[in-house]
Amino acid sequence: MEKKKVAVPLVCHGHSRPVVDLFYSPVTSDGFFLISASKDSSPMLRNGETGDWIGTFEGHKGAVWSCCLDTNALRAASASADFSTKVWDALTGDELHSFEHKHIVRACAFSEDTHLLLTGGVEKILRIYDMNQPDAPPREVDKSPGSIRTVAWLHSDQTILSSCSDMGGVRLWDVRSGKIIQTLETKSSVTSAEVSQDGRYITTVDGSTVKFWDANHYGLVKSYDMPCTMESASLEPKYGNKFVAGGEDMWVHVFDFHTGNEIACNKGHHGPVHCVRFSPGGESYASGSEDGTIRIWQTGPLSDDASSEALPADGSIEKTMKVTADEVSHKIQGFHIADEGKPKEKEEAGE
């Protein structure tokens with residue numbers, strides 16, 4: 001019998017509290033990047049391929065629930081329990097803007113054209129900030145029926161997607177009218193909603209079910225029951241033939257998109273998995289957990305033979321996986337690192 005290979009992930013330490021959100025940038029001229037949100041209040045930026053730490057964004061005074069990068073990975077945004085959403089320079093780590101809210105902010109997302117930032121949270125209000133006029137008051141979309149858990153853009157920034165933490169369903173809003181045009185019905189509240197890279201599918205997780213919806217006609221394409229309550233799922237972006245899901249059993253599961261059959265089950269986290277995301281090229285996927293670590297798992301080459309050889313058991317990274325220093329030099333150069341225990345921050349009133 002063929003011996004089953006064990007996947008050895010890259011383990012990224014650094015957060016001191018649970019990792020609750022992950023976001024990959026698209027591929028840029030400098031490679032691609034991974035930003036993580038944690039309850040430790042300090043989002044971190046990493047090289048998306050190697051997991052190498054680039055810098056930490058210092059300034060929040062509460063748990064950070066959501067994070068994202070713009071299309072060019074030049075700016076980062078983070079949504080926090082300190083009632084603010086902050087926008088950062090992803091090259092220097094400096095805080096560019098702090099948008100104050102009246103309650104906890106749970107979600108944020110840059111528009112595809114990078115000009116707008118969408119936020120939502122416990123206030124039940126979707127706000128759109130114009131990055132070209134950051135001091136102008138945000139546009140407020142019609143009141144959400146519940147506390148906002150996730151937000152996303154689709155249809156070239158013409159439509160907004162949002163889910164609530166206290167009720168089922170995903171609501172789709174027309175940006176021009178600010179009104180709900182469609183609701184994707186689910187039994188439980190949706191904890192994760194991802195628009196596929198090609199814009200064809202919306203992947204949602206509610207309770208122990210992963211669903212795939214047609215992003216243009218809003219019909220349900222697939223619905224799979226999972227082995228446990230899941231918190232997050234992500235569709236492989238290149239071929240769309242598999243998806244990963246993570247949840248309360250602490251494992252990262254890989255499933256066949258067409259059949260729902262489990263292909264692999266990766267063990268290693270020591271707490272529930274709160275978020276999973278595929279890298280933009282589909283060659284790896286990351287998982288963030290209650291245990292405070294991020295693990296990057298290789299999907300490996302399409303042939304079986306080399307599927308786990310790129311990751312030696314001692315955790316070292318082979319030369320083929322490394323990007324050259326030049327490719328990330330201008331990301332790292334000048335990135336502000338706060339003095340130990342003295343983060344660079346302005347005193348903000350957390351009303």
Side-chain angles (χ1 to χ4, degrees), residues 20-26 34-35 37 65-71 73 75-79 85 87 105-121 124-129 131 138-139 141-142 144-165 167-176 178-186 189-206 210-218 220-221 231-235 237 240 243-245 274-278 280 288:
V20 290
D21 193 27
L22 294 169
F23 184 95
Y24 275 106
S25 76
L34 175 66
I35 187 171
W65 287 107
S66 175
C67 58
C68 59
L69 293 160
D70 70 12
T71 308
R75 286 177 300 191
S78 50
T85 297
V87 177
V105 195
R106 283 299 302 261
C108 59
F110 281 111
S111 59
E112 198 179 316
D113 67 9
T114 75
H115 298 319
L116 304 172
L117 178 69
L118 172 66
T119 70
K124 306 181 182 179
I125 298 170
L126 289 165
R127 290 186 173 90
I128 301 172
Y129 293 88
M131 291 291 96
R139 181 183 163 202
V141 178
D142 234 15
S144 168
S147 176
I148 297 160
R149 173 75 183 260
T150 67
V151 297
W153 298 85
L154 64 161
H155 304 150
S156 302
D157 306 331
Q158 298 302 303
T159 309
I160 287 171
L161 174 159
S162 76
S163 72
C164 300
S165 53
M167 63 177 64
V170 171
R171 278 143 207 93
L172 295 148
W173 310 71
D174 178 77
V175 171
R176 280 176 299 184
K179 302 292 182 191
I180 296 172
I181 50 172
Q182 185 80 24
T183 300
L184 311 180
E185 298 292 350
T186 64
S189 64
V190 171
T191 52
S192 169
E194 176 192 76
V195 179
S196 65
Q197 200 165 273
D198 60 8
R200 284 178 63 193
Y201 297 111
I202 299 166
T203 305
T204 64
V205 178
D206 68 294
V210 175
K211 294 182 174 74
F212 298 92
W213 310 80
D214 185 310
N216 297 302
H217 304 291
Y218 308 130
L220 182 61
V221 180
E231 269 197 67
S232 182
S234 183
L235 181 63
F243 66 96
V244 292
H274 295 310
C275 44
V276 291
R277 285 292 175 259
F278 261 104

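Of all heavy-atom pairs between Leu126 and Val151, the closest is CD2-CG1, 3.6 Å. Across Ser232 and Val276, no two heavy atoms sit closer than the pair OG-N, 3.0 Å. The minimum heavy-atom distance between Val87 and Arg75, with the atom names listed, is CG1-CD, 4.3 Å. Taking every heavy atom of both residues into account, Arg106 and Ile148 meet most closely at CB-O, 3.3 Å. Shortest non-hydrogen contact noted between Ile35 and Ala76 is CD1-CB, 3.7 Å. Nearest heavy atoms, Cys67 versus Phe23: O-CB, 3.5 Å.
For Asp157 (side chain) and Asp113 (main-chain N/O), a donor-acceptor pair under 3.5 Å exists by modelled atom type. A donor-acceptor pair under 3.5 Å is absent between the side-chain atoms of His155 and the main chain of Asp174, judged by distance alone. Remark: side-chain polar atoms of Ser66 are paired, donor with acceptor, to backbone N or O of Cys108 under 3.5 angstrom. Side-chain atoms of Ser234 do not come within 3.5 Å of backbone N or O of Val244 as any donor-acceptor pair. One N or O on the side chain of Arg277 and one on the backbone of Ala233 form a donor-acceptor pair closer than 3.5 Å. Of the possible polar contacts, one joining the Ser144 side chain to the Gly146 backbone as a donor-acceptor pair under 3.5 Å is found. Distance alone, capped at 3.5 Å, is enough to place a donor-acceptor pair between the Glu194 side chain and the Leu235 backbone. The backbone N or O of Ala109 lies less than 3.5 Å from a partner atom in the side chain of Trp153, making a donor-acceptor pair.
Between Leu172 atom CG and Ile181 atom CD1 the span is 6.0 Å, to the nearest 0.5 Å. We find the CD-CG distance between Gln182 and Leu161 to be 11.5 Å, quoted to the nearest 0.5 Å. The distance from the CZ atom of Arg149 to the CE atom of Met167 is 14.0 Å, given to the nearest 0.5 Å. Remark: Trp213 CH2 to Glu185 CD distance equals 7.5 Å, nearest 0.5 Å. We find the CZ-CG distance between Arg171 and Leu184 to be 9.5 Å, quoted to the nearest 0.5 Å. Atom CG of residue Leu22 and atom SG of residue Cys68 lie 13.0 Å apart, to the nearest 0.5 angstrom.
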field: Derivation and outcome, side chain to side chain donor-acceptor pair (under 3.5 Å), residues Ser165 and Ser189
entry: CA-CA 6 Å; Ser165 53; Ser189 64; over 6 Å; no
query: Hey, mind stepping through Lys211 and Leu220 against side chain to side chain contact (heavy atoms under 4.5 Å, CB included) and telling me if it holds?
result: CA-CA 7 Å; Lys211 294 182 174 74; Leu220 182 61; 3.8 Å; yes
field: Step-by-step side chain to side chain contact (heavy atoms under 4.5 Å, CB included) determination, Val170 to Asp206
entry: CA-CA 10 Å; Val170 171; Asp206 68 294; over 6 Å; no
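Partners of Phe110 according to the ring-ring contact (aromatic ring centres under 6.0 Å, His included) rule, which considers only residues two or more places apart in sequence or in another chain, do not exist here. Judged as a salt bridge (Lys or Arg N to Asp or Glu O under 4.0 Å), and not counting sequence neighbours, Asp198 has no contacts. With sequence neighbours excluded, the residues satisfying ring-ring contact (aromatic ring centres under 6.0 Å, His included) with Tyr201 are Phe257.
The aromatic rings of Phe212 and Phe243 sit perpendicular, their planes meeting at an angle over 60°, well past the 30° parallel limit.
By the 4.0 Å N-to-carboxylate-O rule, Lys179 lies close enough to Asp142 to be salt-bridged with it.
Looking at Ser111 and Met131, their side chains never come closer than 4.5 Å, going by heavy atoms from C-beta outward. Val175 has its side chain out of reach of Gln158: every pair of non-hydrogen atoms, C-beta onward, lies at least 4.5 Å apart. In this structure the side chain of Leu118 never reaches within 4.5 angstrom of the side chain of Trp173, judged on heavy atoms.
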